[in-house]
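Everything on this sheet refers to the single structure shown next.
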Amino acid sequence: MGELVVAVRDFRTEILQALSRATGRPPASIVLETPRDRAMGDHAFPCFALAKERREPPPKVAASLAPLLSDLGPAIGLRATGPYLNFTVDRATLARELLPAIRSAGERWGGGQDGSGRCAVVDFSSPNIAKPLSVGHLRSTVIGAAVYRLLAHRGFRCVGINHLGDWGAQYGRMIAAFKLWGDPARLESDPIPHLHELYVRFHEEEGKDASGKLSAQARTWFKALESGEENEARALWRRLTDLSLREFDRIYSLLGVRFDFVRGESHYEKDLAPTIERLVAAGVTKRSEGALIVDLEDAGMPPCILQTAEGTTLYATRDLAAALQRKKEFDFWKALYVVGADQRLHFRQLREVLKRLGLPWAEDVVHVDFGLMQIRAEEGVEKMSTRRGKAVHLEELLRRSIDLVRGILREKNPDLADTEAVARAVGVGAVVFHDLKNARVKDVVFDWKEVLNFDGETGPYLQYTHARLCSILRKAPVAPDPAKTDFGLLADAGDLLPVLAEFPRAVAEAGDRYEPSILSTYLLDLAQRANGFYRDHRVIGEDEALMRARLLLVEGARATLRVGLGLLGVAAPEEM
RNA sequence: GCGCCCGUAGCUCAACCGGACAGAGCAGUGGGUUUCUAACCCACCGGCUGCAGGUUCGAGUCCUGCCGGGCGCGCCA
């Protein structure tokens, strides 16, 4: 068996089972919701469907059902309110079950082992080498890293892969440009900006070059690269990769992002020929205008192009090879691709081609898509483009955020022990949380004012709430201790307790739907309630029994915030 | 032209895959600190959920058609 999992008594399931007995329906078919207005109760059963079946008015059904639920026990109160049956868990009982469990779960609170034995491959970040990381790359990086942690928290084995864009015709251009105008000294001191300038220049001049000489040079260099020989092209390309990774790592470490494998597209170079052979042998390909394609017309899609008329491979070929290789190596339960929504068609095609190879796991290839990042332009908005210099550099954004936080800290908390570390945690946390706050599908228009706002529903707000709770625990004359706690004194804790109890469900749902924003929204709600508690109740200075009870609650809220923020990739400093 | 996605308060978003009176934050106005961090809290202001039909006991949520925006559509990634 796996490790011991800290179990929390699950009142929700108890209610579900009682309802099942009372109605004679399987628990899975019963909808139990959380009332919008929490004063109504912690859980609610809408009686409409049952009422229709029984041809009785819903309020009557609710009223007649209530007496049949006496086996729920004294800890769960119920009340028929109109067409709803509302359940409220006794606060003292909830506190007694929940708070000691949170405490002993530690870092693993909200997690579990329901993913054990299954492997999730998470393909995320995946920038192109020799180009600066822009805020456009942030989304894939932080969403992917969060999904990875959310699943790992529940016992899934996760494999994080940074699928670098390090192959293709563009690197022929890159090499050609460097050979023409490159400066070895600048390549050493200032690699990415230098390479990027060269690339932009090459693009411009290639466009103006009627003779086609530049394009021919680029093609020649890429052919040399693709030949597989240890030649000048390969040596240069390898150097580009190394220099790029050195730059990227600086930012990844700032973001606290790690990969299990950094494998660019070039990693699958040797698998390309066998992949094409396999597709041809399976009879799913055909020739069209000199290119090798998979015709997907009957699936309502444009063809998937595997090989150009010139014989070079494409993106789709490399992704097919990668998918096959990953299935073989990891035998994944799901292969997740955290890639922008502009590539939806590509991933639909990828699945369709895998399906035509007769692979039953084709549907386990999942595109975890997200909306595009746009930037304000002279008129309206436009897509971010590194090539046209219309991109905000990620490192600049992070640096400005950290600088701003550092200034605020010096003013508000001049006695802070390690201002620099906290400035980094909060500055980076603001940027990361901003990208995880909203549903993935939403397009984003980049706005400096918005990202660098630290008030309201922001990362710093969550961190601040956490720091204040830490402060109470730090200043208290005693440490929280479940054995010395009178849980009955927490009856006035409002909704904070039931909200804490929902944390595992928020983690599970965020993971199941590959949607970190579900956890973000949950944490904002939790923080608002924690701040409400802080406003209405003193902890230190109350008589000892009351203080002890409240300290344990504060500790539970603090732990939940810390673990939740950690899953999102946001640090939780104890002071700020 | 065809396909996919998105339209909720002035702005940015929630609304538990169909349920109770559509909720937060920002911006605006007015309040709150001899007491655990004011990056906080409270109050006010603000809505034909793009439009028109349909399904349903019940629709912001599902279906159809329009309108507006984004993205994609054979040798880029």
May I have the distance from [X] (atom [atom1]) to [N] (atom [atom2]), rounded to whole angstrom?
{"X": "A/Glu509", "N": "B/A15", "atom1": "CD", "atom2": "C1'", "answer": "12 Å"}
{"X": "A/Asn531", "N": "B/G32", "atom1": "CG", "atom2": "C1'", "answer": "15 Å"}
{"X": "A/Phe370", "N": "B/C71", "atom1": "CZ", "atom2": "C1'", "answer": "13 Å"}
{"X": "A/Glu515", "N": "B/C17", "atom1": "CD", "atom2": "P", "answer": "13 Å"}
{"X": "A/Gln349", "N": "B/G3", "atom1": "CD", "atom2": "C1'", "answer": "12 Å"}
{"X": "A/Asp42", "N": "B/C16", "atom1": "CG", "atom2": "P", "answer": "19 Å"}

Just to be sure I understand the rule, does [X] reach a base, reach only the sugar-phosphate, or reach nothing, if contact means heavy atoms closer than 4.0 Å?
{"X": "A/Asp319", "answer": "nothing"}
{"X": "A/His43", "answer": "nothing"}
{"X": "A/Leu409", "answer": "base"}
{"X": "A/Met301", "answer": "nothing"}
{"X": "A/Ala51", "answer": "nothing"}
{"X": "A/Pro35", "answer": "base"}
{"X": "A/Pro302", "answer": "sugar-phosphate"}
{"X": "A/Arg538", "answer": "base"}
{"X": "A/Thr521", "answer": "sugar-phosphate"}
{"X": "A/Gln343", "answer": "base"}
{"X": "A/Ile540", "answer": "base"}
{"X": "A/Val445", "answer": "nothing"}
{"X": "A/Gly82", "answer": "nothing"}
{"X": "A/Glu310", "answer": "nothing"}

Can you confirm whether A/Glu363 is buried at CD, in the sense that more than 12 heavy atoms of other residues, nucleotides or ligands lie under 6.0 Å from that atom? no
Any chance CD of A/Glu574 has more than 12 other-residue heavy atoms, nucleotides or ligands included, within less than 6.0 Å?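 For A/Glu574, atom CD is not crowded (no more than 12 foreign heavy atoms under 6.0 Å).
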Is [X] near enough to [N] that one of its side-chain N or O atoms lies under 4.0 angstrom from OP1 or OP2?
{"X": "A/Arg318", "N": "B/A77", "value": "yes"}
{"X": "A/Lys475", "N": "B/U37", "value": "yes"}
{"X": "A/Arg513", "N": "B/C16", "value": "no"}
{"X": "A/Lys449", "N": "B/C26", "value": "no"}
{"X": "A/Arg505", "N": "B/C16", "value": "no"}
{"X": "A/Arg36", "N": "B/A15", "value": "no"}
{"X": "A/Tyr534", "N": "B/U35", "value": "no"}

Proximal nucleotide (of [options]) relative to the [X] side chain:
{"X": "A/Arg348", "options": "B/G3, B/C41, B/C16", "value": "B/G3"}
{"X": "A/Glu457", "options": "B/G72, B/A24, B/A77", "value": "B/A24"}
{"X": "A/Tyr315", "options": "B/A77, B/G70, B/U37", "value": "B/A77"}
{"X": "A/Gln374", "options": "B/C36, B/A38, B/G70", "value": "B/G70"}
{"X": "A/Arg344", "options": "B/A20, B/G25, B/C4", "value": "B/C4"}
{"X": "A/Thr308", "options": "B/C75, B/U12, B/U37", "value": "B/C75"}
{"X": "A/Lys52", "options": "B/U37, B/A20, B/U56", "value": "B/U56"}
{"X": "A/Ile472", "options": "B/C71, B/A77, B/C36", "value": "B/C36"}
{"X": "A/Lys442", "options": "B/A77, B/C6, B/C21", "value": "B/C6"}
{"X": "A/Ser471", "options": "B/A77, B/G72, B/C36", "value": "B/C36"}

Does the distance from a Lys or Arg side-chain N to an Asp or Glu carboxylate O, for A/Glu206 and A/Arg173, drop under 4.0 Å?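 A/Arg173 and A/Glu206: salt-bridged.
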Separation between CD (A/Glu515) and CG (A/Leu436), nearest 0.5 Å, reads 9.5 Å
Quick one: the side chain of A/Asn453 and the base of B/A27, do they pair up donor-acceptor inside 3.5 Å? no
Which nucleotide, in any strand shown, forms a Watson-Crick or G-U wobble pair with [N], with both distances under 3.5 Å?
{"N": "B/U64", "answer": "B/A52"}
{"N": "B/C2", "answer": "B/G72"}
{"N": "B/A43", "answer": "B/U29"}
{"N": "B/A24", "answer": "B/U12"}
{"N": "B/U34", "answer": "none"}

Using the [atom1] atom as the reference point in each nucleotide, state the distance between [N] and [M] in Å, no decimals.
{"N": "B/C42", "M": "B/C17", "atom1": "P", "value": "28 Å"}
{"N": "B/C57", "M": "B/A20", "atom1": "C1'", "value": "14 Å"}
{"N": "B/G10", "M": "B/U61", "atom1": "C1'", "value": "25 Å"}
{"N": "B/G50", "M": "B/G7", "atom1": "C1'", "value": "6 Å"}
{"N": "B/A38", "M": "B/U34", "atom1": "C1'", "value": "16 Å"}
{"N": "B/A14", "M": "B/G31", "atom1": "P", "value": "34 Å"}
{"N": "B/C13", "M": "B/G60", "atom1": "C1'", "value": "14 Å"}
{"N": "B/C67", "M": "B/C16", "atom1": "C1'", "value": "31 Å"}

Has the side chain of [X] got a donor or acceptor atom that lies under 3.5 Å from a matching backbone atom of [Y]?
{"X": "A/Thr312", "Y": "A/Thr308", "value": "no"}
{"X": "A/Ser401", "Y": "A/Leu397", "value": "no"}
{"X": "A/Gln463", "Y": "A/Met576", "value": "no"}
{"X": "A/Thr465", "Y": "A/Tyr461", "value": "yes"}

Decide yes or no for A/Leu292 and A/Leu279: does some side-chain heavy atom of the first lie under 4.5 Å from some side-chain heavy atom of the second?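 A side-chain contact is absent here, since even the closest heavy-atom pair is not under 4.5 Å.
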Any side-chain donor near an acceptor of the partner, A/Thr419 and A/Arg410, under 3.5 Å: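 No, no side-chain donor-acceptor pair sits under 3.5 Å.
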